Each structure stands twice: as structure tokens, then as C-alpha cells.
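Everything below concerns the one structure shown next.
In what follows, every chain begins at residue 1, and chains take the letters A, B, ... in the order their sequences are listed. Since we're looking at a predicted model, the values are computed, not measured.
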Amino acid sequence: MSRKAEASFAYQPTREIKQNEPRNQVWGENYPRQYQSFMQTADTTFKSMYLGSGLTDALEENPKLVVLWAGYGFSKDYNQPRGHYYAVEDIHNTLRTGGPTGPGTGPMPSTCWTCKSPDVPRMMNEIGIAEFYSGKWADKGEEINNAIGCADCHNPKTMALSISRPALIEAFESMGKNINEASHQEMRSLVCAQCHVEYYFNKKSPKEGVPYLTFPWKNGTSVEAMEEYYDELEFKDWTHKISKAPMLKTQHPGYELFQTGVHAKRGVSCADCHMPYKTEGGQKFTDHHIKSPLANPANSCQVCHRENQQDLMTDVYERQTKIKQNQAKLEEILVRLHVEAGKAWDLGASEEQMKDILMDIRHAQWRWDFSVASHGGQFHSPVEVSRIVSTAINIGQEGRIKLARLFADLGYNKPIDYPDIATKAKAQAYIGLDMEKLEAEKATFKKELLPKWMKAAEEREASWD
Amino acid sequence: MSRKAEASFAYQPTREIKQNEPRNQVWGENYPRQYQSFMQTADTTFKSMYLGSGLTDALEENPKLVVLWAGYGFSKDYNQPRGHYYAVEDIHNTLRTGGPTGPGTGPMPSTCWTCKSPDVPRMMNEIGIAEFYSGKWADKGEEINNAIGCADCHNPKTMALSISRPALIEAFESMGKNINEASHQEMRSLVCAQCHVEYYFNKKSPKEGVPYLTFPWKNGTSVEAMEEYYDELEFKDWTHKISKAPMLKTQHPGYELFQTGVHAKRGVSCADCHMPYKTEGGQKFTDHHIKSPLANPANSCQVCHRENQQDLMTDVYERQTKIKQNQAKLEEILVRLHVEAGKAWDLGASEEQMKDILMDIRHAQWRWDFSVASHGGQFHSPVEVSRIVSTAINIGQEGRIKLARLFADLGYNKPIDYPDIATKAKAQAYIGLDMEKLEAEKATFKKELLPKWMKAAEEREASWD
Amino acid sequence: MSLLKKIYPPPKWRIPVIILLGAISGLGVYIVNISNATSYLSDDPKTCINCHVMTAEYITWDHSSHREVATCNDCHVPHDNVFNKYYFKAKDGLYHASIFTMRMEPQAIVMKEASAEVVQSNCVRCHKEQVTDAKMASWVFNHEESRTERTCWECHQYVPHGRVKSLSAVGYHLDPLAPESEKKSIVPDWLDNAINNPTIK
Ligand SMILES: [Ca+2]
Ligand SMILES: [Ca+2]
């Protein structure tokens with residue numbers, strides 16, 4: 001008997017894993033090292049200069065964001081990301097999902113669940129993709145309880161990396177590419193690209209009325225290509241409350257920006273830095289404690305770079321700091337744009353007079369958001385992110401020049417005051433949010449509805465064994 | 001004969017080289033390989049995407065520059081750099097040095113010679129440093145004829161690298177550093193930092209009335225630190241002809257920008273890329289054909305990078321292209337600033353009303369020039385250069401917003417037309433330069449005075465042997 | 001017979017052909033000699049620095065974690081079977097020797113694809129147990145391929161030669177000094193003489 005046969009004899013999976021098994025602990029019985037390291041994403045202690053795994057209230061840290069998103073959910077509540085372990089907990093908690101009281105209630109569509117749990121592919125398989133995206137977020141509350149996990153990235157039979165989300169496959173198709181041709185090394189980034197990408201909800205296609213999760217990559221994945229895509233569609237995410245501009249929200253274009261950087265160009269994948277190999281008992285395995293690589297530069301950076309840890313961390317901080325300096329300027333410009341545009345409307349500006357200005361606002365803020373939302377972009381691709389910031393500053397300031405001329409036309413020639421938005425609370429009051437109400441609704445949801453969801457989920461899973 | 005044996009044969013000085021020997025061919029008798037490769041800087045054939053060794057008229061390529069420098073020598077004539085071999089020839093030819101007719105004539109001071117020839121340390125040694133910097137450029141025309149060469153960088157006795165220019169030593173002192181403590185690897189960049197740096201002529205200190213070559217590094221070498229330095233001194237290089245702004249000219253901050261990039265941080269020196277080692281007949285030597293490393297990526301880049309040549313060149317081009325895109329925008333903003341400020345003066349704006357605007361122009365253009373003038377900056381330190389461009393766009397556009405408000409105050413509310421500066425000739429006509437006169441003066445100089453200089457130099461050198 | 005006739009040069013060519021053949025074989029001997037090609041048959045790393053163009057690699061290896069565990073040939077020559085080993089050596093050795101003798105060596109030598117495959121398979125040969133998990137290999141699809149298809153030095157960039165790879169990357173060390181330990185005796189000659197020839201005193 002050959003040694004190979006011997007090996008396959010000796011080791012038998014202790015448990016058969018069914019297709020779309022959403023429970024990570026079940027997979028963990030077969031793969032304890034990966035499971036245990038995955039569970040460490042619950043650890044919230046790491047903090048780097050700008051990022052980390054703790055709960056950081058981004059609006060508190062930077063209240064200008066509240067004004068930039070006035071009229072949109074993000075102005076209510078927005079945190080820095082934390083570990084995958086918290087994906088479901090955090091979407092329960094965020095004020096963006098409001099305080100639903102039962103099926104059919106609440107501000108958000110079901111589509112919001114898509115990137116939060118391995119219960120999603122399970123449900124899509126059970127009821128269909130468009131059906132999954134239909135209805136309210138609260139409609140599927142009972143069904144989704146496991147945080148991002150094994151079934152999102154792995155085939156249970158072979159453990160090969162696999163794509164579980166239709167949006168990425170469709171996005172490849174829209175670019176005329178076939179995702180099945182991806183190499184193994186590409187897959188080590190593509191599993192992340194299921195979620196860490198810019199998206200929007202297409203309510204027209206493929207099914208009228210269903211907010212279908214779509215990645216706007218048809219013209220390409222650069223900031224300009226996607227901007228053009230949305231402009232062609234005349235799509236907007238919302239109308240800004242103050243400036244009335246037809247806004248776009250960029251959500252975390254992590255994969256897209258990463259692709260433009262030197263690491264990607266040299267064939268480095270997301271997993272190389274965020275899931276480096278780790279040695280235990282003389283065996284290398286993939287560390288599933290996905291987090292900032294700066295928590296562990298020895299495995300993530302130093303395998304390739306011989307510089308000492310401090311130098312490597314400083315490299316990252318330097319790039320982030322240099323870029324953030326201009327991003328902060330840009331945010332101030334954007335606040336002024338909204339406020340000044342609001343004032344122009346007050347002074348009786350016409351649609352015609354405002355048209356170009358509103359487009360400048362739309363484009364400048366789209367580009368700003370593109371440059372910040374992925375959190376890692378300043379390091380993943382510093383030159384591209386800087387380029388984007390420069391173009392955004394330019395477009396934004398062009399808008400302000402037009403506004404200055406418009407004010408003159410409107411016979412108004414005083415400087416427009418910058419609002420007092422020194423804290424999140426002040427900024428939220430300024431844009432007219434009733435935070436107490438929002439918080440009370442959320443509290444009721446957590447007291448009344450959420451426990452029911454949890455209970456239903458528990459019963460469902462218990463019924464499987 | 002083994003090739004190892006060949007190596008130990010090679011260095012036998014055949015000729016004693018005197019201190020400050022300016023003639024490269026004399027050094028060349030002892031060091032033929034270095035000399036021959038140095039002589040190849042006469043080769044003008046290499047062309048990369050944006051740079052190269054040929055004579056490229058930068059004003060023709062980008063006529064906006066003419067407007068940006070209106071009232072200053074650079075608007076008359078400005079080329080991309082070519083090989084060291086041409087340093088003396090090019091300073092003879094440039095219209096910036098005008099058409100002197102004899103000692104005491106012409107627009108430029110003697111200090112202009114400083115970075116062009118090894119005759120400079122010789123003369124400084126003979127007559128003194130401040131004396132060298134005194135008087136007109138034409139005063140020393142006879143004395144300087146050898147292009148940049150051995151004595152600029154080497155000690156003739158030991159061939160060790162050495163610093164021949166006082167300005168760099170003084171700049172180190174101004175920062176509280178001692179250049180003698182530089183390591184060998186640092187010296188491989190510091191010899192270049194004698195010339196490839198931002199400078200100005202200090203007419204107040206150390207000697208009243210002498211345009212003393214000074215590097216503005218006292219507060220540091222970042223764009224902000226130097227800007228602050230000049231602002232504190234209330235120094236200006238010239239007053240802009242159209243906007244009347246008190247301008248600064250940034251000259252080639254190659255060393256300063258390079259220091260902020262990742263290559264410098266990893267201890268790579270200028271010589272590593274621009275003077276890579278070369279092997280001939282078992283003999284390893286430093287290639288003195290200083291030029292774009294893209295002419296020879298095999299020796300310069302591939303020593304450290306395993307990627308193929310095409311990929312490495314694309315890396316460089318990509319960074320350059322991304323940054324140049326915003327630099328071009330910025331240049332347009334600067335043209336508009338000057339033109340609009342000029343219009344404001346015409347409309348009767350007061351000094352008080354213009355003050356802040358003029359400072360914005362000064363700062364925006366200083367930063368722009370800082371980002372372009374060194375030619376290599378977009379690759380040497382892409383993130384820092386991008387940062388600078390972003391800040392410049394922001395400051396420039398702030399200035400234009402102030403101008404828009406000022407126009408309203410002045411009761412003017414029409415857009416200001418962008419001038420027709422499609423070619424160098426049009427731009428020079430627009431700023432009112434009499435090019436025919438300048439060219440005629442230069443022609444006379446080359447016919448009358450220059451041959452006398454050359455003859456005097458020949459006689460001098462003949463008298464030495 | 002007729003075959004021999006065909007390759008046998010006509011009489012008026014005989015002398016030039018003899019000279020030419022002589023020259024070719026002479027040159028061959030010269031190449032073999034100047035490049036010390038015969039030493040290629042050994043596994044001693046120092047044979048690789050017969051020509052100093054391999055010095056950078058030697059020195060970096062000599063300072064690496066692998067110095068005590070792997071020689072050049074452990075990585076750069078196939079170890080799947082004896083024939084392949086010497087075939088590859090001969091092919092590579094003659095190729096290097098010709099390039100060297102013709103002075104066509106590039107400043108930064110880069111491995112050819114075939115050589116990279118050889119090295120990769122040698123990394124795996126020694127480290128298989130560490131990089132692959134026997135348990136995984138038995139039921140995780142493609143586990144072995146997934147772990148061994150990417151070149152190891154994409155990540156382990158410094159094993160064993162470090163980053164800077166140029167003929168001149170080792171400063172002025174044209175050649176490593178012969179290690180002290182290889183000298184026959186540690187007693188200096190004058191002392192040795194003094195002791196062994198007391199009569200001179
Ligand atoms: Ca979006
Ligand atoms: Ca200057």
C-alpha cells in the first residue's frame with residue numbers, strides 16, 4: 001500500500017459538510033486551526049495609527065461626514081469596520097437599518113444582508129437570487145444569523161476557494177470576462193472582491209422593482225469609468241438634503257483600488273497580507289484571523305520585506321498621513337459646497353443656474369468617497385488614491401468658483417459661514433436629524449424583534465441535526 | 001590569462017592629477033573606463049516617454065510655462081536637461097544668460113556658473129568663494145570651459161567622493177548637521193546634491209550685495225519648510241509681470257524629493273540607478289554615463305527587481321502619467337490665476353484686496369514648480385509629489401474663489417477668457433517678449449565674445465603643461 | 001562505406017578542415033579549461049565561483065540560513081534521478097561557460113524558466129512536510145498544488161540570495177577569501193621553519 005493511500009486512509013473528515021452549510025463551527029470540526037483563527041476576528045484590541053479592530057465611530061471622529069451624507073443613512077451612523085465575526089451584530093446595531101417592527105418595515109432592503117453572512121448563499125439557493133434581493137431587510141431577519149464564514153469562500157466538498165455571490169460573477173460577465181478562468185492566486189483576492197467592492201442597487205434590471213445588487217464595472221473599474229457608468233444611467237443614490245445634488249455613495253472599492261497598486265501588479269493577493277501563512281506544529285496553515293496586517297507584520301510583511309517592523313509600519317503611516325492631509329481639505333471643500341449650494345437655492349437660484357454646480361458636487365464627492373471608503377486604499381494604492389484626491393479637489397473648487405460667480409449674479413456678496421459642526425451631535429442637529437427618535441426605535445427593535453429573530457434561527461439550526 | 005588576474009592589473013595611475021584639475025581628459029588618462037563612459041553623456045539619442053537625453057524645448061512642449069514665468073528669464077528659454085557633457089554649452093546657448101558683450105554686461109550673475117563646471121572649484125580656490133559669486137556671468141566666461149566632470153565629485157589623490165561646492169556644506173551646517181559624517185552610501189547621493197537641489201541667491205548674507213548661492217534648508221527640506229523659509233525672509237525671485245505676485249522659482253529639488261521616497265528610505269542612492277556598476281573584461285566599474293535609467297534597466301533596475309524590463313518601464317510611466325495629469329490641470333489653474341489677477345488690477349483692485357490672492361499665487365506656483373522642476377520627482381517620490389500637487393491645486397483654486405468674489409466687489413461679472421497660448425511663440429508674444437531681439441543679441445554674443453572666451457581658455461590650459 | 005565517403009571532405013578541403021577541427025577542439029579544451037568546467041561535476045559550491053560572476057550568489061548563500069543545509073546543487077540541479085542531474089549540469093555548465101568566455105554575461109543574471117522549475121521542485125523536495133499538511137492533502141482539493149505552485153521566493157524573497165543581485169552587488173569582494181580553516185596549518189611559516197629546522201638558528 002502506497003504512503004499516499006495511507007495518508008488518505010489515516011485522515012478522514014470527522015464530519016460531512018453539506019452544501020451551503022452556514023455554521024462555521026460545523027466546518028470547524030474538520031478544520032480546527034482555520035476555525036480557531038477565524039474566531040479570533042472577535043478580538044477588538046488591535047489599534048494602528050488610523051485603523052484597527054475596535055468599534056470606532058467614524059462620525060464622531062470626523063463630523064464633517066454627517067454633512068456630506070445629509071439626507072442619507074450614513075449620516076445617522078457609520079463606524080470603521082471591525083472583524084468578520086461582527087458582521088451580523090453590526091448590521092443589527094447600525095441606525096442605518098433603523099428599527100423595524102416586523103416584516104415589511106424599516107428603511108433598508110433585503111439586499112443589505114448580501115455581504116454579511118453565509119446564510120445568504122444558502123437562502124439564494126433555496127429561494128432564488130432575485131427573490132432573495134426582494135422585500136425589506138426585516139423580512140429575512142430570522143434567516144440570517146451566522147457571521148461571514150467558511151461557506152462564503154469555500155466549497156465544502158473540496159475546500160477549494162469558490163465564489164458564492166452572484167454579483168461578482170455578473171460583474172465579470174458585464175466586462176466580458178469569465179470568472180472561472182481566474183487563477184488560484186487571483187482567487188486569493190477574488191473571494192474578498194465579493195464584498196470589498198463598490199456596489200449599487202439596480203432597481204430597473206434585471207428585474208423591475210427589485211434592488212438587485214450590482215457592481216458598476218461595465219466600463220471598467222477606475223473611478224472615472226464607474227462615474228461615467230452612473231452618469232450614463234443618470235443614477236443617483238440619493239438627493240443631498242442641503243445642496244439638492246444628485247449624489248452617489250461610493251462603498252469600499254477595496255478590490256478595485258488594490259488592483260491599481262504595485263502589490264497587485266507584482267501578483268500579491270489580499271490573502272498574502274491579510275491571511276498570511278502561520279506555522280503551528282511544523283505545519284503551515286492560512287491564518288484566518290483577517291485583520292490589519294500591521295497587527296502582525298512579521299508574517300504579513302516581513303516574509304517579503306527585510307526591513308524592521310517599525311520601518312514597515314512607518315511606511316504605511318506615512319502614506320496614510322500624506323494622503324489624509326488632503327482628504328481632510330477635500331472634506332472641508334465638500335462641506336462648503338453643500339452649504340453654499342444650499343444658500344444659492346435660498347437666494348432663488350434656478351435649476352439651470354445650479355445644474356453644473358450640482359454635477360461638480362456629485363463628482364467631487366464621489367471621488368472623495370472612492371478615496372476613503374475602502375479604508376485600506378491609502379496604502380493599497382497610494383499613487384492612484386492621490387491622483388483621485390487631486391482631481392476631486394479640483395472639481396470641487398471649480399464648483400465653488402461657479403458658486404461665487406452665481407452669488408454675484410444673485411446680488412449676494414458676503415462670505416458664507418462654515419457651520420459649527422465640531423461634534424457629531426452638532427452636525428446631526430445641523431442637518432436636522434432626530435437622533436433620539438432613531439435611537440429609541442433601534443432600542444425597541446433590539447428589545448422586541450431581534451430576540452425573536454435569534455430564537456427562530458436557533459430553532460431552525462437545531463432542526464438540521 | 002584568467003579574468004581575475006586581469007582585474008588586479010587594471011588600476012595603475014599613469015599620471016599625477018593636481019588638486020582641482022578641471023580637465024576631464026587628464027583624469028581620463030588614469031581612469032579610461034570612467035572617462036570613456038563619462039564622455040558618452042554626449043549621446044543625445046535616448047528618449048523615454050517623457051524624458052530623455054535629447055534637446056527638448058520645454059516651452060514649445062508646454063507653452064503655459066511661458067505665462068507662468070512671465071517677467072522672468074525662464075519664459076525666454078527653457079529646455080529639458082541633457083547630459084553633463086553639455087552643461088557649459090547649454091549655459092552659453094540659453095537665452096536666459098542673454099547676449100553679454102564683455103565683462104560687466106548681461107542679465108545673469110557669476111553665480112550661474114556654479115553648477116556647470118569643475119573650473120568652479122578651481123576658481124573658488126584661486127580667488128575665494130564670495131569673490132567667485134561676485135560680478136556678472138560674463139566676467140568669468142573665459143575661465144570656465146570644462147563641462148561637469150571628475151573634479152566636481154572626486155578627490156584627485158584618493159579618488160574618494162568629495163564635496164566641491166560650499167553651498168551644500170553650508171546647507172548642512174544651517175540644519176545643524178555635519179556633512180563629514182555622511183556615510184559612503186550617502187555620498188553616492190550627496191555628490192549629486194551639490195547641484196540637483198533647490199537654490200536661491202542670497203544678496204544680503206553672508207556678504208551684502210553678493211548673490212551668494214544658498215540652499216533654503218534651514219527649516220527642513222520639505223516643500224512647506226522651504227516655503228516658510230522664504231516667507232519669513234520675505235524673499236522673492238521676481239515680480240510676476242501679469243499678476244504682480246511676488247514669485248518664487250523652484251529649481252530642480254531632485255535630492256530633496258528623492259529623500260522622501262521609498263528608494264531613499266531603503267538606502268538606495270542616486271548612483272545606484274543613474275551610475276550602476278558595469279563589468280568590462282572582468283573589471284567592475286561605475287558607469288559614468290549618467291542618464292535616464294530607463295535607457296538601461298538591465299543594469300539599473302533589474303539588479304534589485306526581477307520583473308521584466310517592460311514592466312519596470314511601465315511602472316515608471318504609469319506614475320509619471322498619473323501625476324502629470326493633475327500637474328497639467330494645475331498649470332491651467334495657474335495661468336488663469338495670473339490672467340485673472342491681472343484683470344483685477346486693471347479693474348482697479350487695491351493692494352489690500354490683492355494681498356491674499358497674490359500669496360495664494362506665490363504658494364500655488366511654488367508648489368507646482370517643486371513638483372515638476374526636478375524632472376525625476378514623479379518617479380523618485382510619487383506619493384510626496386502627488387501630495388504637493390493636491391495642496392497646490394487647493395491653494396490655487398482658493399485664490400480663484402477670492403478673485404471671483406473680488407470681481408463681484410469690483411462690479412465685474414463676466415468670465416475671464418483663457419488666453420490663446422497654443423504655441424510658445426503665441427505665449428511669448430502674449431507676455432510681450434521681443435524674441436527677435438533676444439535671439440539677435442545671443443547670436444552676436446556667440447559670434448563675437450564666445451570665441452574669445454574659448455581661445456583664452458585654450459591658452460590657459462596649454463600654459464599648464 | 002558510402003556514408004563515410006559522403007562526410008569525408010574532398011581532397012582540396014582536407015587541410016583547411018583538419019585545421020578547423022583542430023581549432024574547434026582546441027577551443028573546446030580552452031573553454032573547458034578556462035572555465036574549470038570539469039569541476040562542474042562536483043557538488044562543492046566553490047566550483048561555482050571558479051568564475052567570479054557567481055560570486056554574488058556565493059556570498060549571499062554563504063551568509064544565509066541555508067549555508068549549512070543546502071549547496072548550490074541542492075537547489076539548482078534536478079534531484080529526481082541521477083541521469084537528469086548530470087545531464088542538466090552538463091547542459092548548464094557548458095552554456096554558462098560559453099556565455100562567460102564570450103563575455104556576454106548580463107549585469108543582473110536572472111534564472112531561466114527551466115532553472116526556476118528546478119529550484120522550485122528542490123524547495124518542495126526539502127520542505128514538503130512543512131508547507132503541506134498531510135491531513136489536508138488527503139481530502140482538501142488541490143491542497144498540494146495550491147501550496148507548491150507559486151514560486152516560494154515570491155514571498156521568501158531573501159532565501160537564499162537576498163534582494164540585490166548583480167555581478168557587482170557584493171562591494172569590492174571580487175572573491176571570497178579562502179576560509180582559514182582550509183589552510184593546512186595554522187602555524188606561520190617562519191615559526192614552522194624555526195621549529196622544524198632548529199639548526200638554522
Ligand atoms: Ca455605491
Ligand atoms: Ca529657487
Shortest non-hydrogen contact between V389(B) and Q327(B), atoms and distance: CG2-CG, 3.8 Å
Mutual orientation of the aromatic rings belonging to H263(A) and F379(A) [parallel < 30°, tilted 30-60°, perpendicular > 60°]: tilted
According to the interplanar angle, ranging from 0 to 90°, do the rings of H240(A) and H338(A) count as parallel (below 30°), tilted (30 to 60°) or perpendicular (above 60°)? parallel
Just so I understand: if I count every heavy-atom pair under 4.5 Å between each of R405(B), E318(B), K265(B) and chain A, which residue has the most? K265(B)
Which one, V383(B), V385(B), D315(B), leads in non-hydrogen pairs under 4.5 Å with chain A? D315(B)
With only heavy atoms counted, which part of [X] is less than 4.5 Å from chain B, the side chain, the backbone, both or neither?
X	value
K329(A)	side chain
K402(A)	neither
L330(A)	neither

Which answer fits R266(B), side chain, backbone, both or neither, if we ask what part of it has an atom under 4.5 Å from a heavy atom of chain A? side chain
For L403(B), is it the side chain, the backbone, both or neither that has a heavy atom under 4.5 Å from a heavy atom of chain A? neither
Quick one: do E227(A) and R362(A) make a salt bridge, cutoff under 4.0 Å? no
Salt bridge flag under 4.0 Å for residues R387(B) and E384(B): yes
Top contributor to chain B contacts, counting heavy-atom pairs under 4.5 Å, from A408(A), P382(A), S390(A): S390(A)
Among T260(A), I393(A), N326(A), the residue with the most heavy-atom pairs under 4.5 Å to chain B is N326(A)
So, W345(A) side chain and S243(A) main chain: donor-acceptor pair closer than 3.5 Å or not? yes
Regarding Q353(B) and D409(B), is there a side-chain donor-to-acceptor distance under 3.5 Å anywhere? no
